[in-house]
Amino acid sequence: MIAHQAEAVVLRTWPLHEADQIVSLFTRDQGKIKGVAKAAMKSRRRFGGALEPMTYVRASYAEKPKQELVRLDSCEILSSPLSHPVDYVRAAVLAFFSEVLEDTLPDHDPQETVFRLLLAVLEYTRVEQPWMPLTYFALWVTRLMGWLPDLSRCVFCSVPLTGAAAFFHSQANGLFCAQHKHGGYSQLSFDSHALALRVFRSPISALVTEPWPRNRAVDLRRFALRSLERNMERKLTTAAVLSRLGG
Amino acid sequence: MSRFAEPMSRLIEELKKLPGIGAKNAQRLAFHILRSSADDARALADAVRELKEKLRLCSICNNITDVDPCVYCASPTRNQRLVCVVEEPTNISSVEKTRSYNGVYHVLHGTLSPLHGVGPEDLRIGNLLLRVQASEVDEVILATNPTVEGEATAVYLADLLRSAQVKITRIATGVPAGSDIEYADEVTMARAMEGRHEV
């Protein structure tokens with residue numbers, strides 16, 4: 001039995017037996033792992049509210065050789081989504097982070113950059129400003145997974161797209177110039193295209209001071225979400241909810 | 001080919017569908033039923049059948065009941081103008097255990113859950129709005145769980161009800177009675193401090 005202590009973010013939980021839970025954790029050191037939290041639903045002493053999805057915790061767990069599930073012993077909350085007000089949109093954005101990472105991260109494969117990205121967006125996902133962290137996360141996670149080509153050039157002819165119209169399609173990666181777009185392509189506005197390039201050059205803290213109402217960069221969010229869904233090869237439940245909410 | 005006779009296999013398969021019942025437990029329960037008297041087995045079958053035939057949702061509060069309206073909504077001694085909104089019918093018994101609440105209930109049958117695709121249209125909100133709009137209610141207590149989904153649901157309902165002339169309150173959260181502050185997590189403790197009151 002090997003004992004571990006690691007920083008982690010709770011991705012999801014599933015009920016197991018009467019009062020146990022299976023917990024999916026995204027740890028900084030070991031990547032995504034799954035473990036059993038015994039009596040987690042009955043006794044609040046060891047876990048309290050720490051197993052709420054998107055809670056940043058210091059997790060203590062024990063690993064047995066040749067066993068897929070670790071034994072989760074305790075979780076100390078470092079930061080909780082419940083420390084700030086929650087509404088339907090913020091809940092949907094947090095659920096989106098959870099759904100994407102649960103599906104895309106391989107087990108036991110550390111992903112330091114994705115971990116840092118998640119902590120950064122969690123810090124800024126607030127009721128007052130949910131759309132910016134959502135867009136930032138969707139674009140960056142697509143890039144970090146290696147699914148996003150250079151957005152400054154047409155993927156077909158490599159002509160620079162700066163200052164020119166850019167187009168995207170739900171079935172194709174990257175952006176296209178006006179010459180290589182076909183039927184069914186959507187235009188990415190100048191503002192949204194410039195914003196996408198800024199997202200990859202700036203830390204999230206640089207964007208947080210800007211007003212980001214629901215209708216800002218809707219096309220960019222749609223482009224990022226469609227890119228994710230295409231590469232994940234499935235429709236995201238939370239993306240559908242966010243679309244209904246205006247995202 | 002099954003190891004058991006067909007009726008036994010069928011019962012085991014049905015019992016396995018119950019939450020928390022695995023193959024071994026289902027087998028154990030099925031053999032227990034086989035060994036019990038015919039009267040006991042019939043009583044169990046009748047209880048299951050009656051559960052499905054007689055139980056329905058209260059047309060006022062959505063609680064599970066055998067009479068419509070349910071005992072709470074029909075009670076003349078209860079304050080019908082005070083409504084406690086809960087996620088599931090099982091939550092009612094937790095509030096009733098306090099013996100200090102004398103209002104009625106409204107059961108949502110779930111919470112907003114983006115991860116499971118549960119939106120406002122999937123919750124039973126309509127008859128709550130009707131009650132409030134008909135000015136039949138003075139106060140709505142939002143008693144959803146203090147989780148992200150429960151909080152989101154409470155805020156969503158509060159926004160919906162805000163236009164009506166009704167007092168909207170949220171249940172308090174904090175350190176459980178009889179527990180030790182040492183074991184309270186930061187969120188619970190912060191909320192307990194926020195919700196402090198003068199003594």
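So that the names make sense, note that chain A is the first sequence line, chain B the second, and so on, each numbered from 1.
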(request) For chain B, find which of Met54(A), Glu52(A), Glu76(A) contributes the most heavy-atom pairs closer than 4.5 angstrom. (result) Glu52(A)
(message) Any heavy-atom pair between the side chains of Leu115(B) and Thr237(A) that's under 4.5 Å?
(response) no
(message) For Ser79(A) versus Glu186(B), what's the shortest heavy-atom pair and its separation?
(response) CA-OE2, 4.2 Å
(message) Can you tell me which portion of Arg90(A) sits under 4.5 Å from chain B's heavy atoms? Options are side chain, backbone, both or neither.
(response) neither
(request) Ignoring hydrogens and angles, tell me if any N or O in the side chain of Glu151(B) forms a donor-acceptor pair with the backbone of Asp87(A) under 3.5 Å. (result) no
(request) Output the distance between atom OG1 (Thr153(B)) and atom OH (Tyr88(A)), rounded to the nearest 0.5 Å. (result) 9.0 Å
(message) With a 4.5 Å cut-off on side-chain heavy atoms, are Val86(A) and Val155(B) touching?
(response) no
(request) Evaluate whether atom CD of Glu210(A) has more than 12 neighbouring non-hydrogen atoms of other residues, nucleotides or ligands under 6.0 angstrom away. (result) yes
(request) Name the region of Thr147(B), side chain, backbone, both or neither, that has any atom closer than 4.5 Å to a heavy atom of chain A. (result) both
(message) As an exercise, state the distance from CG of Leu94(A) to CD of Glu149(B), rounded to the nearest 0.5 Å.
(response) 10.5 Å
(message) Between Arg191(B) (side chain only) and Leu82(A) (backbone N and O only), is there a donor and an acceptor less than 3.5 Å apart?
(response) yes
(request) Mark yes when over 12 heavy atoms from residues, nucleotides or ligands other than His32(B) sit less than 6.0 Å from its NE2; otherwise mark no. (result) no
(request) Kindly give the heavy-atom pair with the smallest separation between Gly117(B) and Val241(A), and that separation in Å. (result) CA-CG2, 4.5 Å
(request) State whether the number of non-hydrogen atoms from other residues, nucleotides or ligands found under 6.0 Å of Ile181(B) atom CD1 is greater than 12. (result) no
(request) For residues Ala91(A) and Ala152(B), report the shortest heavy-atom separation together with the two atoms involved. (result) CB-CB, 3.7 Å
(request) Tell me, for Leu236(A) versus chain B, whether the close heavy atoms (under 4.5 Å) come from the side chain, the backbone, both or neither. (result) neither
(message) Is Pro176(B) in contact with chain A via its backbone, its side chain, both, or neither, using a 4.5 Å heavy-atom distance?
(response) neither
(message) Check this for me: Arg81(B), atom CZ, are more than 12 non-hydrogen atoms of other residues, nucleotides or ligands nearer than 6.0 Å?
(response) yes
(request) Grab the two heavy atoms, one from Gly49(A) and one from Asp185(B), that are nearest each other, plus how far apart they are. (result) N-OD2, 3.2 Å
(request) Would you indicate whether Arg234(A), at its atom CZ, is surrounded by more than 12 heavy atoms from other residues, nucleotides or ligands within a distance under 6.0 Å? (result) yes
(request) Would you indicate whether Glu233(A), at its atom CD, is surrounded by more than 12 heavy atoms from other residues, nucleotides or ligands within a distance under 6.0 Å? (result) no
(message) Measuring only between side-chain heavy atoms, which start at C-beta, is Glu121(B) closer than 4.5 Å to Arg244(A)?
(response) yes
